[in-house]
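For reference, the structure discussed in these notes is given below.
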Amino acid sequence: MNMMNIREAADPLEKVARLASESAVVIFSVSTCCMCHAVKRLFCGMGVNPTVYELDEDPRGREMEKALIRLLGNNYSPPVPVVFIGGKLVGAMDRVMASHINGSLVPLLKEAGALWL
C-alpha cells in the first residue's frame with residue numbers, strides 16, 4: 001500500500017476528485033477503522049496496490065471526510081472506507097463487497113490497470 005499525505009487544494013470535493021484520479025485504486029480511510037483495514041486487506045489479497053489516504057493523519061482530513069459524506073449521500077455511517085477505481089466512485093464497504101461477490105470488481109480493476117490477471 002502506498003501511504004501518502006493529502007496535498008493542499010482549495011475545495012475539499014475538488015481535492016477528493018483530484019486524488020481519486022491519480023491512481024488506479026484509491027481508498028480514503030481512517031487508520032483506526034476496522035472496515036477500512038478489511039477493505040485494504042481485500043485489495044492487497046487480490047494483488048492490488050491501492051493508494052491509501054488516512055484522513056485522521058491529515059490536518060484537513062475532517063473536511064475531506066465531509067466531502068466524502070456528500071458524495072456518498074448522508075446515509076453512510078461511518079463514511080469510510082470510500083473506494084475509487086479508475087477515478088470513479090465505487091462507494092463504501094457495502095458497495096465494494098457487493099461488487100466483489102457479484103463478480104464485477106475484478107473487471108473494474110482490470111479496466112483501471114490495477115490488476116493484470
Side-chain angles (χ1 to χ4, degrees):
M1 284 181 280
N2 300 325
M3 305 301 278
M4 307 177 102
N5 286 330
I6 300 167
R7 293 184 292 281
E8 295 299 313
D11 176 42
L13 212 48
E14 226 174 78
K15 184 193 286 190
V16 166
R18 182 176 49 77
L19 294 174
S21 67
E22 288 180 352
S23 299
V25 177
V26 174
I27 301 171
F28 290 93
S29 172
V30 171
S31 62
T32 57
C33 167
C34 63
M35 297 304 272
C36 296
H37 178 74
V39 82
K40 290 182 263 188
R41 298 283 19 113
L42 170 70
F43 285 111
C44 290
M46 296 173 78
V48 173
N49 188 24
T51 297
V52 178
Y53 294 100
E54 300 290 1
L55 299 178
D56 58 322
E57 295 174 1
D58 186 272
R60 295 187 62 203
R62 190 74 188 117
E63 294 171 33
M64 301 274 294
E65 196 171 320
K66 288 177 184 174
L68 291 166
I69 290 169
R70 288 198 321 246
L71 275 177
L72 291 171
N74 292 327
N75 299 332
Y76 283 91
S77 180
V80 290
V82 178
V83 176
F84 289 81
I85 298 175
K88 296 179 190 130
L89 174 65
V90 174
M93 185 69 166
D94 60 336
R95 301 299 294 255
V96 173
M97 291 311 295
S99 298
H100 182 51
I101 291 165
N102 73 23
S104 63
L105 185 60
V106 168
L108 276 177
L109 293 168
K110 286 181 180 175
E111 187 181 314
L115 195 61
W116 294 274
L117 299 175

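Taking CZ of Arg60 as the reference point, atom NZ of Lys15 lies at 4.0 Å (rounded to 0.5 Å). Atom CD of Glu63 and atom CG of Leu13 lie 12.0 Å apart (nearest 0.5 Å). The CD1 atom of Ile27 lies 11.5 Å from the NE2 atom of His37; values are rounded to the nearest 0.5 Å. Taking OG from Ser21 and CZ from Phe84, the interatomic distance works out to 9.5 Å, rounded to the nearest 0.5 Å. Atom OH of residue Tyr53 and atom CE of residue Met64 lie 8.0 Å apart, to the nearest 0.5 angstrom.
Nearest heavy-atom pair across Leu72 and Pro79 is CD1-O, 3.6 Å. Of all heavy-atom pairs spanning Cys33 and Val80, the tightest one is SG-O, 4.1 Å.
Every residue meeting the side-chain contact (heavy atoms from CB on, under 4.5 Å) condition with Ser104, not counting sequence neighbours, appears here in chain and number order: Ser99, Asn102. Remark: Phe43 engages no residue in a ring pair (Phe, Tyr, Trp, His ring centres under 6.0 Å) (not counting sequence neighbours). Remark: His100 pairs with Leu42, Met46, Met97, Leu105 by the side-chain contact (heavy atoms from CB on, under 4.5 Å) rule, at least two apart or across chains. Shown here are the side-chain contact (heavy atoms from CB on, under 4.5 Å) partners of Leu108, two or more places apart in sequence or in another chain: Ile85, Val90. Taking the side-chain contact (heavy atoms from CB on, under 4.5 Å) definition, one finds that Ala114 meets it with Ala24, Val25, Val48, Leu109, sequence neighbours left out.
Using a cut-off of 4.0 Å between Lys/Arg side-chain N and Asp/Glu carboxylate O, Arg62 and Glu65 are scored as salt-bridged.
Just one residue in the list Leu89, Val26, Val96 forms a side chain to side chain contact (heavy atoms under 4.5 Å, CB included) with Val83, and that residue is Val96.
Leu55 places a side-chain heavy atom less than 4.5 Å from the side chain of Leu68.
A side chain to side chain donor-acceptor pair (under 3.5 Å) check over residues 24-36, counting only residues at least two apart or in different chains, returns the pairs Ser29-Lys40, Ser29-Glu54, Ser31-Asp56.
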